[in-house]
There are 2 protein chains.
Amino acid sequence: MPPTSEALTAERILEATEEVLRRHGPAKATVVDVARALGVSHGTVYRHFGTKAVLREAVTKRWLDRTASTLARFVTEDRGPEDRVRDWLAGLFEAKRKKAGGDPELFATYSVLAEDAGDVVGAHIDELTGQLTEIVRAGVDAGVFTVSDPAVAARALFQATGRFHDPSYAREWQKPGVEAEFEAMVDLLLRGLRG
Amino acid sequence: MPPTSEALTAERILEATEEVLRRHGPAKATVVDVARALGVSHGTVYRHFGTKAVLREAVTKRWLDRTASTLARFVTEDRGPEDRVRDWLAGLFEAKRKKAGGDPELFATYSVLAEDAGDVVGAHIDELTGQLTEIVRAGVDAGVFTVSDPAVAARALFQATGRFHDPSYAREWQKPGVEAEFEAMVDLLLRGLRG
DNA sequence: GGAATGACAGATATTGAAATCTGTCAGCTG
DNA sequence: CAGCTGACAGATTTCAATATCTGTCATTCC
């Protein structure tokens with residue numbers, strides 16, 4: 001895949017980095033590899049991304065943002081708050097599970113990247129809990145939920161379902177019975193939201 | 001029964017193994033080290049524990065059993081089911097947090113051991129959720145909780161609070177605000193149990 | 001002048017030979 | 001005889017030499 005002779009944009013570097021990570025894995029993917037894939041010297045890559053860590057964080061952010069934007073639609077969906085909380089949580093679970101099951105190696109690669117990108121992951125989690133908070137607040141305003149602080153409740157929801165979206169539990173997502181466990185968890189949490 | 005100071009019992013081997021693990025860490029603690037600490041040849045250790053993995057599992061089980069027996073008292077405590085669920089969950093969190101904070105290296109050592117001892121950990125989790133199931137069932141019988149299946153609810157409770165007892169989250173237990181997060185989580189879950 | 005290069009120093013990773021460990025077992029010892 | 005030993009083979013780990021990588025920057029190129 002020879003690179004087009006267009007300008008070397010940050011975007012193109014990120015795409016090349018994803019490809020290199022996909023091919024070599026997180027341990028062996030180097031900045032030199034990325035430069036080689038683009039047909040430039042590695043010094044050039046450093047003009048755009050000051051360090052390898054910054055480059056990896058940018059790739060990680062891209063990956064996480066894809067999930068976040070997928071879930072955004074459940075926030076504004078035209079359904080009751082209970083259904084939207086359920087859909088949102090199920091959507092997150094399904095998105096993660098699909099990625100982990102479909103290409104386990106790539107998922108493992110990004111899981112490793114995420115471990116080294118604490119700030120990016122933190123912002124991602126803040127965005128997700130922010131989405132959840134909106135739905136919970138709508139439920140409180142509609143009188144369906146009775147929690148006192150939507151943001152606190154949303155964070156609890158997110159943490160309680162960690163087992164179904166935290167990459168470190170990916171192994172469990174294949175086991176039979178997870179579906180039922182997920183349903184039971186969401187049922188219990190929704191009962192809690194209603195009070 | 002022969003005097004413990006002379007006979008080489010499984011018990012003495014386990015104690016020596018704990019000591020070696022404490023001193024060397026999980027990566028460098030060898031069966032040869034254990035034998036040396038006991039003043040015997042390593043072949044002797046293998047008479048009692050067929051493999052290194054079995055020896056480590058036994059040590060891990062011992063460690064986990066200590067936590068389980070600490071929590072058992074909350075099951076039979078003379079208080080309402082709500083308070084007992086709260087106490088039990090708080091007791092688990094506190095026990096783990098105290099261990100992790102008090103001797104981080106030792107905690108990390110046992111966390112590594114636990115990763116390699118899937119069956120032992122599974123049995124431990126079954127025991128803990130069993131304890132929780134008893135309390136939940138008592139609550140249902142007393143009409144305080146309205147869940148349909150105490151065992152399913154107990155497992156959900158355990159998983160939902162994973163962030164506050166799973167060793168992989170130990171780093172978070174030191175951060176300010178965890179206490180509040182834990183309280184919010186338990187409040188939400190208890191609301192769910194009541195229905 | 002802005003973009004890219006490539007040589008360079010220090011840090012990190014790889015490699016293969018040597019050392020150590022795991023698990024077995026024939027034989028010793030009390 | 002029951003418990004223990006220590007030598008052994010194959011697997012794993014250590015260690016030091018070697019190679020590669022990261023990040024910088026003076027220089028080149030358009």
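Everything quoted here is computed from the prediction, not taken from an experiment.
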Q: Spell out protein contact along nucleotides 21-28 of chain D as letters: B when the base is contacted, S when just the sugar-phosphate is, - when no protein heavy atom is under 4.0 Å; keep the 5' to 3' order.
A: SBBB----

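With sequence neighbours left out, B:Glu134 forms a side-chain contact (heavy atoms from CB on, under 4.5 Å) with B:Val75. For A:Arg66, the side-chain contact (heavy atoms from CB on, under 4.5 Å) test picks out A:Glu18, A:Arg62, A:Trp63, with sequence neighbours left out. With sequence neighbours excluded, the residues satisfying side-chain contact (heavy atoms from CB on, under 4.5 Å) with B:Asp103 are B:Glu105, B:Leu106. Evaluation of the salt bridge (Lys or Arg N to Asp or Glu O under 4.0 Å) rule for A:Asp141 yields no partner, not counting sequence neighbours. Judged as a salt bridge (Lys or Arg N to Asp or Glu O under 4.0 Å), and not counting sequence neighbours, the contacts of B:Asp187 are B:Arg86.
Atom NE2 in A:His48 sits about 10 Å away from atom C1' in C:dA4, given to the nearest Å. One atom, CG of A:Leu38, and another, P of C:dT5, lie 10 Å apart when rounded to the nearest Å.
Between B:Thr44 and the phosphate of D:dC4, there is no side-chain N or O to OP1/OP2 separation shorter than 4.0 Å.
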